[in-house]
Amino acid sequence: MAEFTMELNDEQKEVRDWLHGFAADVIRPAAAEWDEREETPWPVIQEAAKVGIYSLDFYAQQYFDPTGLGIPMAMEELFWGDAGIGLSIVGTGLAAVGVLANGTEEQIGTWIPQMYGDANDVKVAAFCSSEPDAGSDVASMRTRAVYDEAKGEWVLNGTKTWATNGGIANVHVVVAVVDPELGSKGHASFIIPPNTLGLSQGQKFKKHGIRASHTAEVVLENVRVPGHCLLGGKEKLDQRLARARERAKAGGERVKNAAMATFEASRPAVGAMAVGTARAAYEVALDYAKTREQFGRPIIDNQGVAFQLADMRTSIDAARLLVWRASWMAINGKPFTAAEGSMSKLFASETAKKVTAQAIQILGGNGYTREYPVERMHRDAAIYTIFEGTSEIQRLVIARTLSGMSIR
Ligand SMILES: Cc1cc2nc3c(=O)[nH]c(=O)nc-3n(C[C@H](O)[C@H](O)[C@H](O)COP(=O)(O)OP(=O)(O)OC[C@H]3O[C@@H](n4cnc5c(N)ncnc54)[C@H](O)[C@@H]3O)c2cc1C
C-alpha cells in the first residue's frame, strides 16, 4: 500500500501535465464546434489515438497506478477540456471495462483491440445495459438471450436505450436476461461482434449537453452470436446461475437490484469527470471576475462575487478529495462500508451542476451566451447527476449501506 501523501508523485504530475496539454491544445479549441454539430468528433479521437491517450494501454497504466489516482486524474483533465469530447474519448473504456471485469483472457485479447482500432482507423465500443423500462431499475431488464444448443449460438432480442456510441460502435457489449426468475442475478453480458446481422441503431438522441458524445437506442432482432461471445463462458455462467437458484430456493437472500449494489468502484471515475467540468467553469469565472469592471472596479472586489468563488473552489476541492478517497479505497481493496464510491459521485456531480450555474451568474449576460463556454459546461454538467446511477439512486445506496435497511 502506498504511503499517505497529499501530493502527486513526479510521474503522476508528468502524466497530468501531458493530459492537460492535450485537453488545452486539442480538446478545448474543438469543444464549441462539436457541441454545435452534435456529432462524434472522430478527428479528435484520432489525435488522441496518435498520442496514445485513446488506447487500452493508457487506461490500463492509469488503472494500475498503485495510489488509485491515475484514472481520476486522467478523467479530470480530459473533462476539463470538454465533457462531450471527453466522453467520446473515454466511452469505449466503459465497454472495455465490461469485458475486463467478466471476460476470459482470450475474450479480452480478441475483443478489446477491436474496440479501439488503431490510430489510422479508430473504432469505438458501446456498453448497452439501460432499456426504455429499465433505467435505475436494472432488474426489470427485458432483453432476452436464449441459447440455441443445436447451433451453439446465443440469440438476443430486445431494445437497449441511452447507449453511448450505440449503433456506431465496432463492438457492442450487451447485458441480457438469461434467467428471468433470478432478477439481476439472471443477467449475462455478450459481445456483439462487428457487422453482426440483426443489430441496428434506433433513434439517436438530441441532447441538452455532452452533445459531441453519440447516444442512441440499439435494437436487437434475432441477433445470433457464437457461444464464445458470452463473457466469461457458459460453464462459469451455469455455475453462477446454479448458485443463485440455490440461494433463491433457500428463500434467504433477496435478489438485489444491480444498479443499486454494484459500480461502487467505478463511480469515482464519473465523479472525477464532474470535478473536471466544475473546475473548468470555476477557472473561467475567476478570470472573468478579476477583469470585468463595474462601478469602477473589478466585480471580484464585491464580496457577493468573491464569496461565491470561494464556495465554488471549496466544493470542487472537497469533491476531488472524496473522489480520490474512493479511488484509493478501490485500488487497495478496502470495503466501501459507507458507500464511499457513491458518496463521491453524488457530491461531485451535484457540485458540478451548482458551480457551473454560479459561473453563468458571475459572467452575467455573457455567461448566458454561446460566446463563452460556461453555458455549455452547465448543460454538460447536468448529465453527471443522471448517468451511472442518478443522484437519488446514490442517496439510496448510501442510506441503505449506512442503515443496513432496505430503504425505498
Ligand atoms: C447521455 C446519456 C448517456 C448514457 N450512457 C449509457 C450507456 O452507455 N449505457 C447504458 O447502459 N446506459 C447509459 N445511460 C443510461 C443512464 O444510466 C440512465 O439514464 C440512468 O440510469 C437513469 O435511468 P432512467 O433514465 O431510465 O431514469 P429513471 O430510472 O426512470 O429515473 C427517473 C427519475 O426517478 C428517480 N428514481 C427512480 N427510482 C427511484 C427510487 N427508487 N428512489 C428515488 N428516486 C428514484 C431517478 O433518480 C430520476 O430522477 C446514459 C444516459 C444518458 C442520458
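Read the numbers this way: they start at 1 and go in the same order the structure lists the ligands and their atoms.
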Interfacing atoms of ligand 1 (cut-off 4.0 Å, heavy-atom, Ser136): 23 (O), 28 (P), 29 (O), 31 (O), 37 (C)
Atom indices of ligand 1 within 4.0 angstrom of Leu396 heavy atoms, with elements: 41 (N)
Donor-acceptor pair, side chain of Glu131 and main chain of Ser140, under 3.5 angstrom: no
Shortest heavy-atom approach to atom 23 (O) of ligand 1 - which of Ser130, Gly209, Ala134, Gly135: Gly135
Donor-acceptor under 3.5 Å (Glu38 side chain, Phe205 main chain): no
Heteroatom distance test (Leu94, ligand 1): nitrogen or oxygen, under 3.5 angstrom: no
Atom of Ala163, atom of Cys128 and distance for their closest heavy-atom approach: CB-SG, 3.9 Å
Arg243 with Glu246: basic N within carboxylate O range, under 4.0 Å: no
Numbering as shown, the atoms of ligand 1 that approach Lys207 to under 4.0 Å (heavy-atom distance): 1 (C)
Trp162, any N or O under 3.5 Å of ligand 1 N or O: yes
Geometric class of the Phe58/Trp18 ring pair [parallel <30°, tilted 30-60°, perpendicular >60°]: perpendicular
Ligand-residue contact atoms, ligand 1 with Thr390, heavy atoms, under 4.0 Å: 22 (C), 46 (C), 47 (O)
Ile383: numbered ligand 1 atoms lying under 4.0 Å from its heavy atoms: 1 (C), 2 (C), 52 (C), 53 (C)
Close-contact set for ligand 1 against Ile210 heavy atoms, below 4.0 Å: 1 (C)
Heteroatom proximity flag, Thr161 to ligand 1, N/O under 3.5 Å: no
Distance-only N or O hit between ligand 1 and Ser129, under 3.5 Å: yes
Contact partition for Thr164 relative to ligand 1, non-hydrogen atoms under 4.0 Å: both
Ligand-residue contact atoms, ligand 1 with Glu388, heavy atoms, under 4.0 Å: 17 (O)
Side chain Lys160, main chain Val175, donor-acceptor under 3.5 Å: yes
Parallel, tilted or perpendicular: ring planes of Tyr372 versus Tyr288, cut at 30 and 60 degrees: perpendicular
Distance-only donor-acceptor check, side chains Ser315 and Lys354, under 3.5 Å: no
Can you give me every donor-acceptor pair (side chain of residues 84-93, partner residue at least two apart or in another chain, under 3.5 Å) with its distance?
{"from": "Ser88", "atom 1": "OG", "to": "Gly84", "atom 2": "O", "distance (Å)": "3.1"}
{"from": "Ser88", "atom 1": "OG", "to": "Ala212", "atom 2": "O", "distance (Å)": "3.1"}
{"from": "Thr92", "atom 1": "OG1", "to": "Tyr54", "atom 2": "OH", "distance (Å)": "2.7"}
{"from": "Thr92", "atom 1": "OG1", "to": "Ala125", "atom 2": "N", "distance (Å)": "3.1"}

